[in-house]
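Contents: one structure, followed by commentary.
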Amino acid sequence: MTVTESHQHRIAEIERNTLETQVRVSLDLDGTGRTQFETGVPFLEHMLDQIARHGMIDLEVQAKGDLQIDAHHTVEDIGITLGQALAKALGNKAGIRRYGHAYVPLDEALSRVVIDLSGRPMLTYEVGYTRALIGSFDVDLLREFFQGLVNHAAMTLQIDNLRGINAHHQAETIFKAFGRALRMAVEPDPRMTGITPSTKGSL
C-alpha cells in the first residue's frame, strides 16, 4: 500500500493491492464534485458519483478485481480504500464540524444518514430493499461497501432507509444522503479553527 497526502489541501491518494483486487482512490475533500471511475461495476460507479456530487468531493477510483467470480471483493475493497483515503485526508480532524446528517428523498423513497467522525468504527444499517438485484448488482454488497468504509475511516455511520418501493431509489437516496452528511461533517467550522472537536482532545 502506498500513500500520498496533503493535510493543507485535504487531498489523499491510496493504493491497495491484494491477490483479489488492485484499487486506487484519489480524493479532494474541498473539490467540486469531479469524478473519474474505472471499476468494472457500473452501478457502484453511479452510487460513488452521488457521494462526490453531493459531498462536493473530487473523487477518482480505479479498480481491477475478480469480477469473474462476482463483485463482492471489488465493492468491499473500494469501500476499504475510500475509508483509508478519507482518514488520511482528514488528518487530525482539527477544525472540522465532525457531525453531519441528511434526509434525502427520491420520488417515493426517503433515507436518513447520520455521521460522526468519531475515530470509532460503527455501522448501523437499517435498509430493507424491495428486491435483491438492481439490474445485475447484488444489493447485499452495498452494506459491505459501507462496512469497509466505516472500519477504515473510523467513523460512526447510521443509515436508515425510512421508506421506498423502488430498490434503485432506495440505494440512491442512501448514497446522496451519505454525500450530503459527509460534506457537513468534514466542513471547516470557523469557530473551531485549530481545535479538535472532542472533549478528549483527539479523535
Side-chain angles (χ1 to χ4, degrees), residues 10 25 27 29 33 43-44 46-57 59 72 75-93 95-132 134 137-189 192 196-200 202-203:
R10 303 204 303 174
V25 171
L27 62 81
L29 292 178
F43 184 74
L44 180 64
H46 180 44
M47 295 299 101
L48 292 171
D49 195 43
Q50 306 308 319
I51 295 175
R53 300 302 174 107
H54 291 275
M56 293 298 286
I57 296 169
L59 180 61
H72 187 286
V75 173
E76 181 180 28
D77 287 3
I78 289 172
I80 289 170
T81 312
L82 178 58
Q84 292 172 331
L86 281 170
K88 288 294 178 182
L90 284 168
N92 65 10
K93 305 176 191 173
I96 65 168
R97 295 195 184 278
R98 173 179 167 176
Y99 297 98
H101 63 274
Y103 285 80
V104 170
L106 174 57
D107 296 344
E108 87 299 341
L110 175 66
S111 291
R112 176 183 61 214
V113 172
V114 184
I115 292 173
D116 176 10
L117 297 172
S118 59
R120 298 183 304 277
M122 172 61 71
L123 174 65
T124 301
Y125 188 84
E126 297 292 337
V127 184
Y129 288 103
T130 57
R131 63 181 190 269
I134 301 174
F137 186 88
D138 180 355
V139 297
D140 284 349
L141 300 184
L142 296 178
R143 183 187 181 101
E144 299 304 316
F145 168 83
F146 282 113
Q147 189 67 70
L149 188 155
V150 161
N151 287 347
H152 292 269
M155 68 168 64
T156 299
L157 176 61
Q158 300 215 9
I159 296 174
D160 293 278
N161 175 239
L162 302 177
R163 62 181 63 93
I165 297 170
N166 183 299
H168 189 133
H169 292 173
Q170 290 175 289
E172 192 163 331
T173 56
I174 288 167
F175 277 80
K176 286 178 175 177
F178 177 78
R180 292 270 168 177
L182 184 64
R183 179 180 175 182
M184 182 186 296
V186 305
E187 185 178 42
D189 184 344
M192 292 285 289
T196 301
S198 171
T199 55
K200 296 190 295 293
S202 65
L203 288 171

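- Contact record, Leu203 with Ser198: CD2-CB, 3.7 Å, taken as the closest heavy-atom pair.
- Contact check for Leu29 versus Leu90: side-chain heavy atoms found under the 4.5 Å cut-off.
- Judged by distance alone, with hydrogens and angles left aside, the side-chain atoms of Arg53 form a donor-acceptor pair with the main-chain N or O of Gly33 at under 3.5 Å.
- Residues satisfying the salt bridge (charged side-chain N to carboxylate O under 4.0 Å, His left out) criterion with Arg183, sequence neighbours excluded, are absent altogether.
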Inset, instruction - Step by step, work out the side chain to side chain contact (heavy atoms under 4.5 Å, CB included) result for Tyr125 and Asp160. - result: CA-CA 6 Å; Tyr125 188 84; Asp160 293 278; over 6 Å; no

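- Pro105 and Thr173 get closest at one heavy-atom pair: C-CG2, 3.7 Å.
- For the side chain to side chain donor-acceptor pair (under 3.5 Å) test, residues two or more places apart in sequence or in another chain that qualify with Arg97 are Glu187.
- Ile159 is listed as a side-chain neighbour of Leu157, based on a closest heavy-atom distance under 4.5 Å.
- Listed by chain and number, the residues in a side-chain contact (heavy atoms from CB on, under 4.5 Å) with Ser118 are Arg98, Asp116, Arg120, Thr156 (sequence neighbours excluded).
- Remark: Ala171 pairs with Phe43, Met47, Tyr129, Ile134, Leu142 by the side-chain contact (heavy atoms from CB on, under 4.5 Å) rule, at least two apart or across chains.
- Of the residues Leu48, Leu86, Leu82, Asp77, the one that meets the side-chain contact (heavy atoms from CB on, under 4.5 Å) test with Val25 is Leu82.
- Atom-to-atom distance recorded for Arg112:CZ and Gln158:CD is 8.0 Å, nearest 0.5 angstrom.
- Residues meeting the side chain to side chain donor-acceptor pair (under 3.5 Å) test with Asp138, sequence neighbours left out: none.
- Here Glu126 pairs with nothing under the side chain to side chain donor-acceptor pair (under 3.5 Å) rule; sequence neighbours left out.
- By the ring pair (Phe, Tyr, Trp, His ring centres under 6.0 Å) test, Phe175 pairs with Phe145, Phe146, sequence neighbours left out.
- For Arg180, the side chain to side chain donor-acceptor pair (under 3.5 Å) partners are His54, not counting sequence neighbours.
- Residues passing the salt bridge (charged side-chain N to carboxylate O under 4.0 Å, His left out) test with Asp140: none are found, sequence neighbours excluded.
- Here the straight-line distance linking atom CE of Met155 with atom NZ of Lys93 works out to 8.0 Å at 0.5 Å rounding.
- Two residues are said to be in side-chain contact when any heavy atoms from C-beta on lie closer than 4.5 Å; Leu27 and Lys88 fail this criterion.
- Ser111 and Ala177 make their closest contact through O-CB, 4.2 Å (heavy atoms, listed as atom of the first residue, atom of the second, distance).
- Ile80 CD1 to Glu144 CD: the interatomic distance, rounded to the nearest 0.5 Å, is 9.5 Å.
- In terms of heavy-atom proximity, Ala153 sits nearest to Ala87 at CA-CB, 4.3 Å.
- Taking the side chain as every heavy atom from C-beta outward, Ile115 and Leu182 approach each other to under 4.5 Å.
- Residues satisfying the side-chain contact (heavy atoms from CB on, under 4.5 Å) criterion with Met192, sequence neighbours excluded, are Asp189, Ile195, Pro197.
- Among residue pairs with one or both ends in residues 99-118, none qualify as ring pair (Phe, Tyr, Trp, His ring centres under 6.0 Å); sequence neighbours excluded.
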Would you mind writing out the side-chain donor-acceptor pairs for residues 162-170 within the sub-3.5 Å range, not counting sequence neighbours?
from   : atom 1 : to     : atom 2 : distance (Å)
Asn166 : OD1    : His168 : N      : 2.9
Asn166 : OD1    : His169 : N      : 3.1
His168 : NE2    : His46  : NE2    : 3.3
His168 : NE2    : Glu172 : OE1    : 3.2
His169 : ND1    : Glu108 : OE1    : 2.8
Gln170 : OE1    : Thr130 : N      : 3.2
Gln170 : NE2    : Gly128 : O      : 3.1
Gln170 : NE2    : Asn161 : OD1    : 2.8

Inset, instruction - For the pair Val186 and Leu117, evaluate side chain to side chain contact (heavy atoms under 4.5 Å, CB included) and give the outcome as yes or no after the intermediate values. - result: CA-CA 8 Å; Val186 305; Leu117 297 172; 3.9 Å; yes

